[in-house]
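Chain letters run A, B, ... following the sequence lines, proteins first and then strands; every chain starts at 1.
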Number of protein chains: 2
Amino acid sequence: MEKYRRFNIKLTPQRIAIFDYLEGNKNHPSAEDIYKAVKKQFSTMSFATVYNTLEALREKGNVRELKIDEHKKRYDPDMSPHHHVICTKCNVIHDVFSDIGVHLPDEVSKGFDISGKSIEFFGVCRKCKY
Amino acid sequence: MEKYRRFNIKLTPQRIAIFDYLEGNKNHPSAEDIYKAVKKQFSTMSFATVYNTLEALREKGNVRELKIDEHKKRYDPDMSPHHHVICTKCNVIHDVFSDIGVHLPDEVSKGFDISGKSIEFFGVCRKCKY
DNA sequence: AATTTAGTTTAGAATAATTATAATTTAAAA
DNA sequence: TTTTAAATTATAATTATTCTAAACTAAATT
């Protein structure tokens, strides 16, 4: 009955706490965000566990690593196809659900076998522009 | 007659060597690539100078910082609008010149004042697939 | 249920990229 | 030529991330 069995990785209490934190999370948290949140329940939680768990999830296609923030990786548990806007002032990231059909002419893809794409928008969020 | 006057930053021999290295460079070099190349002429060149110069160029809109490579920033002196494909095996980055007109519906941009976008394609380059 | 084992957790050290510091030097303005 | 504001340098500091090796534990096997 464990809802996280589908991840096909060994379940530990620490991992379950991380999964719970990530589930439905729209904040695109960093490893540190996750670490801080989960440390409240597991005071011995280490960064290594956070990174190991994220890597295990990523391998199985259950979390996406975002390279959009200049200073650190951010993680997105929403695996449905979507893009992101990042605020250039406060670094908040919002989802962009929009069917952006980019067709890449062959002569432009330089012989690459293209397997994915990622679109980031930059701008100033409502809060930061007052 | 200095061709780099247009950058509007103080010209030093070290900076000029960096500019020369970047000019027309299609390799999307990292700070280390630049450092190694320029150190051949200036054996005392330091990383700080590379980063300072890149930051000065960036401020004036003469180089673009690419966050596409997972491990380090890469720099692109080509400021004309274009996108990138990165090889997931060897990390080589190629330019994609293609007019990708993404129109973002208002209800989807969540109140952001959008000032730019960046599209990355992922795939395997010709060399890596043999 | 007890044992085994392969994988996980942990604290802490190591690494890698980048940024900061502070003394010295230098481009270019006066 | 002098002045000055900014750049260069070696080095230290910082930050994110990865590694290590010993202790632990989930879950497979008996």
Measure [atom1]/[X] against [atom2]/[N] and give the value in whole Å, please.
| X | N | atom1 | atom2 | answer |
| --- | --- | --- | --- | --- |
| A/L66 | D/dA16 | CG | P | 16 Å |
| B/Y35 | C/dA17 | OH | C1' | 14 Å |
| B/E65 | C/dA17 | CD | P | 15 Å |
| A/L11 | D/dA28 | CG | C1' | 14 Å |
| A/D69 | C/dA17 | CG | C1' | 15 Å |
| A/E32 | D/dA16 | CD | P | 6 Å |
| A/K39 | C/dT9 | NZ | C1' | 12 Å |
| B/I16 | C/dA27 | CD1 | P | 9 Å |

Go nucleotide by nucleotide along DNA chain C from the 5' end; which of A/A48 and A/H71 gets its closest nucleotide reached first?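 Closest to the 5' end, via its nearest nucleotide, is A/A48.
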Between B/Y51 and B/I9, name the one whose nearest nucleotide on DNA chain C is closer to the 5' end.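 With B/Y51 and B/I9 compared, the 5'-side residue is B/Y51.
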Residues [X], [Y]: salt bridge by 4.0 Å N-O rule:
| X | Y | answer |
| --- | --- | --- |
| A/E65 | A/K73 | yes |
| B/K72 | B/E32 | yes |
| A/E120 | B/K117 | no |

Proximity to the side chain of A/K73 - top-ranked nucleotide from C/dT10, D/dT8, D/dT18: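 Of C/dT10, D/dT8, D/dT18, D/dT18 is nearest to the side chain of A/K73.
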Counting heavy atoms from C-beta on, name the nucleotide in C/dA17, C/dT10, D/dA16 closest to the side chain of A/K72.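 Given the options C/dA17, C/dT10, D/dA16, the side chain of A/K72 is closest to D/dA16.
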For A/D76, run the side-chain hydrogen bond (donor to acceptor under 3.5 Å, both in side chains) check against A/K26, A/H84, A/R64 and tell me which one passes.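 Of A/K26, A/H84, A/R64, side-chain hydrogen bond (donor to acceptor under 3.5 Å, both in side chains) with A/D76 is met by A/H84 alone.
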On the 0 to 90° scale, with breaks at 30° and 60°, tag the B/Y35-B/F47 ring pair as parallel, tilted or perpendicular.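 Parallel.
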Side-chain donor-acceptor pair present, A/D95, A/H28, cut-off under 3.5 Å: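 Side-chain D/A pair, A/D95 to A/H28: present.
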Check whether any side-chain nitrogen or oxygen of A/T12 sits under 4.0 Å from OP1 or OP2 of C/dT8, and answer yes or no.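 The answer is no; no side-chain N or O of A/T12 sits under 4.0 Å from OP1 or OP2.
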Verify the contact: side-chain N or O of B/Q14 to OP1 or OP2 of D/dT9, cut-off strictly under 4.0 Å; return yes or no.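 Checking D/dT9 against B/Q14, a side-chain N or O does come within under 4.0 Å of OP1 or OP2.
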Using nucleotides 4-7 of chain C, report all nitrogen or oxygen pairs with the protein that are shorter than 3.5 Å.
none

Residue whose nearest DNA chain D nucleotide is more 5′ - B/F42 or A/R74: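 Mapping each residue to its closest nucleotide by heavy atoms, the 5'-most match is B/F42.
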Taking the six-membered ring for Trp, are the ring centroids of B/F19 and B/F7 within less than 6.0 Å of each other?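 Yes: the rings meet the under 6.0 Å criterion.
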Categorize A/T49 for me: base, sugar-phosphate, or nothing, with a 4.0 angstrom heavy-atom threshold over every strand shown.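 Base, at least one base atom sits under 4.0 Å.
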Heavy atoms under 4.0 Å, any strand shown: does A/S46 hit a base, just sugar-phosphate, or nothing?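 Base contact.
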